[in-house]
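Only one structure is covered here, and it is reproduced in the block below.
In what follows, every heavy atom counts, from backbone to side chain, and hydrogens, waters and symmetry copies are set aside. Below, chain A is the first sequence line, B the second, and so on; all start at residue 1.
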Amino acid sequence: MSQEIAQTYLHELNEIQRQAVLASDGPVMVIAGPGSGKTRVLTFKIAHLIKLGVAPWNILALTFTNKAAREMKDRIEKVVGSVANRVWAGTFHSLFARILRVEAQHIGFPNDFSIYDTTDSKSLVTEIIKSLGLNTKNYPNGLVRSRISSAKSNLITPKMYAVNEDLMSQDRMGNRPMIQVIYQKYVDKCKQAGAMDFDDLLLNMFKLLYQVPEIRTKYQSQFRYVLVDEFQDTNYLQYEILKLLSQYEGSEENVCIVGDDAQSIYSFRGATIENILQFETDYKNVQVYKLEQNYRSTNYIVEAANQVINHNKRQIQKKIWTEKDGGEKIKLIKAMTDTEEGKRIADSIVEHKNRFNVSNSDIAILYRTNSQSRIFEEYLRRYNLPYVIFGGLSFYQRKEIKDLIAYFRLAVNLDDNEAFKRVINFPKRGIGKTTVDQLLQLADDNEMSIMQALSAIEFKGRARTKLVEFVKMIHAFRAKITTMTAYEAACLIARKSGITELYKNEGSMESMNRLENINSLLDGIQEFVEDDLIEDGEEYNQDRSLAKYLQGISLMTDQDNEENDNDSITLMSTHAAKGLEYRSVFVVGLEENLFPSYMSLSDPAQIDEERRLFYVAITRAEEYLTLSYANTRYQYGSVRNNEPSRFIEEIPVDNYDAIITMRNPDRFAEPKSLGGLRAPRIQKKLDYIDPENFNPVPSHKLKEGMKVLHLRFGKGEIISIDESKIATIEFYDLVENQEKRIALRYAKLEIIE
DNA sequence: CGCAGGCACCACGTG
DNA sequence: GGTGCCTGCG
């Protein structure tokens, strides 16, 4: 190793980190506590390999989120330049999908296979349950899918399931003996549709490597170095794939796994810490490095985290420490209601900004469930604090977007039944439920996709002419997508399908919104077409077809689009926060039944997982950590009382800001007004409207010229009301877009004069 | 037979 | 608050 390399980046590492980076050959396991420079080690390690002369495309780096992959690539690029783009870095799902696009024919799938997302998979399962004459009471969709998913993740085929006495007797005892039959049918139907669900992307990658020796050899020899981030989140199937890729005759087993057992939070989707323990047995002479120095957080936070995680029995021994002494103690906010919690958090944020000079982008609010975001959203809006929400309903999950994309999918893959079901009568073209049911039956009886059945068998129903028209249209689209660019084809489909026209004619606020979303999708497609370089492993791919575009987006999530570049507060689930850090973190909703979740209360192992999740949450904070809970909360349509979360007490009292006794639930003092500081006004603060004292009036009482009050936007004046009962209202306190168009049908407005 | 509106039921986390 | 199913009407 040359002197020059050492000077460029190795000095930025501590001793253990450096050893881990330099251990380029053979199996390596890095146990990395939160904030210990894990990503730094991974990226420097890859950069180091490239500097040593390893070709970038011989390196496979697997992550769990697109975000982590992108960050990794960016950081490698900083060290070695644009050649970093040729590293195979990405999520398990996206990289395997890419490989399957090339190799799918070896396992009996078309190369332009569709990817079924959760909605598609749900819909297919429901269809099957019904077709078997079962009801969804006995066979809840979620349960069936989780049985199927877990079977796949453990490499249990439907046939193996049928002879697995454990699984079958579990199903019998649960009075659901038909799950195996549903599973078999689900697999058959996916195959027929040329579709893979998320689990199949992994499963089929495994099959490909396992069943086709020359393919196995091809990828084994290509991926000379394999690295896995967040290894504690891998499931059995993922680990088996990793072993297939890295363990073979004559291999040096250059595999490096990085993880932290204390941050394993995905057991619900089959992740197992066993993999970490197993690694040392499966590979010979594993070099183990433990990164224990935390560079992120102050001692109060690190100490709290250590104490909390100590309540978990099973774990790899390590002691996280930091040199950052002093700092602020942890604050605890106790609220009576969930609404009050929202207000108090917003107040506290304002105080933070003023007292500690933190900017919005330094702040994150973390919650257990995405549905908690709404209240915080409302208060932040009222206080004029900009925010971004990660997670929740993704752009690609919106109805109008899914519908248009379903047309794309169907045109690319005629057998994609889920896409077919979605668009056959949208926009309305007089093909109703009865016809669709008949079609499904027809296809099922003949073991064909619907499109195949339609072209092979004369359909006798009343809707025949309309069906012929529909099929013609889809075939016309299909012809266009091979000759046109993605953008041209997408515009044509949006128009000819009747989707844009439908929303234009409707003219409501909601439709306009949808139209806008469709336009942003089209804009995105245009960008895709105009982008002159697409990173694609070894080659810069020149394909600008709609099919190619579909491949790119099918595994995208919202988090891949939203950039927090305009100084906003971040709101997200604790799961989504893993790997991120903020100067000031608010962990909210710390109540029994919520965090820990009510789903976990009966199972100690699941409580441990909730605790690890809490551990992840608090270790996101660099300087300021605030915890909060509410005594009562609106849940499932009624008010519920919850005890404060057990996790609050697991942090020693010394780490808290206020002196409090830890015995009874009322022990937690109201946060003191600190140093006489008052929550100052920032920008134009909207008046706080108490939802309890808010009295909206029926819409017919609203007239032009009235002064009204809106929960979110505050005071305003009705400028006009048009014939479709859309009011244009000017809101005085909004900084931007003072005028809003509000559909009176839905609006809740109080008259103030 | 198709459609709109009403209504029950559901909601943990992710690719 | 969203959505998928059911019902009664055209």
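Note on A:Glu418 versus A:Arg409: no salt bridge recorded, every NZ/NE/NH1/NH2 to OD/OE distance being 4.0 Å or above. With respect to A:Asp403 and A:Lys399, a salt bridge is recorded, a charged nitrogen being found less than 4.0 Å from a carboxylate O. A salt bridge links A:Lys38 to A:Asp229: at least one charged side-chain nitrogen sits closer than 4.0 Å to a carboxylate oxygen.
Two residues are said to be in side-chain contact when any heavy atoms from C-beta on lie closer than 4.5 Å; A:Ile148 and A:Lys152 meet this criterion.
Looking at residues two or more places apart in sequence or on another chain, you find a side chain to side chain donor-acceptor pair (under 3.5 Å) between A:Ser371 and A:Thr369.
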What N/O pairs connect the protein and nucleotides 2-4 of chain B at under 3.5 Å? Give each pair on its own line.
from	atom 1	to	atom 2	distance (Å)
B:dG2	OP1	A:Gly432	N	3.0
B:dG2	OP1	A:Thr435	OG1	3.0
B:dG2	OP2	A:Thr434	OG1	3.3
B:dC3	OP2	A:Asn425	ND2	3.0
B:dA4	OP2	A:Lys428	NZ	2.7

Give me, pair by pair, the N or O atoms of the protein and of nucleotides 5-7 of chain B that are less than 3.5 Å apart, along with how far apart they are.
none

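For B:dG15, the base is not stacked against the aromatic ring of A:Phe64, per a cut-off of 5.5 Å between centres and 30° between planes.
Nearest nucleotide to the A:Phe198 side chain, out of B:dG15, B:dT14, B:dC12: B:dG15.
Within the nucleic acid shown, A:Tyr266 comes within 4.0 Å of sugar-phosphate atoms alone, with no base atom in reach, counting heavy atoms only. Counting any heavy atom pair closer than 4.0 Å across all strands shown, A:Lys578 reaches no nucleic acid atom.
Side-chain polar atoms of A:Ser146 and A:Ser149 form no donor-acceptor pair below 3.5 angstrom.
If you measure from atom CE of A:Met599 to atom C1' of B:dC10, you get 12 Å, rounded to the nearest angstrom.
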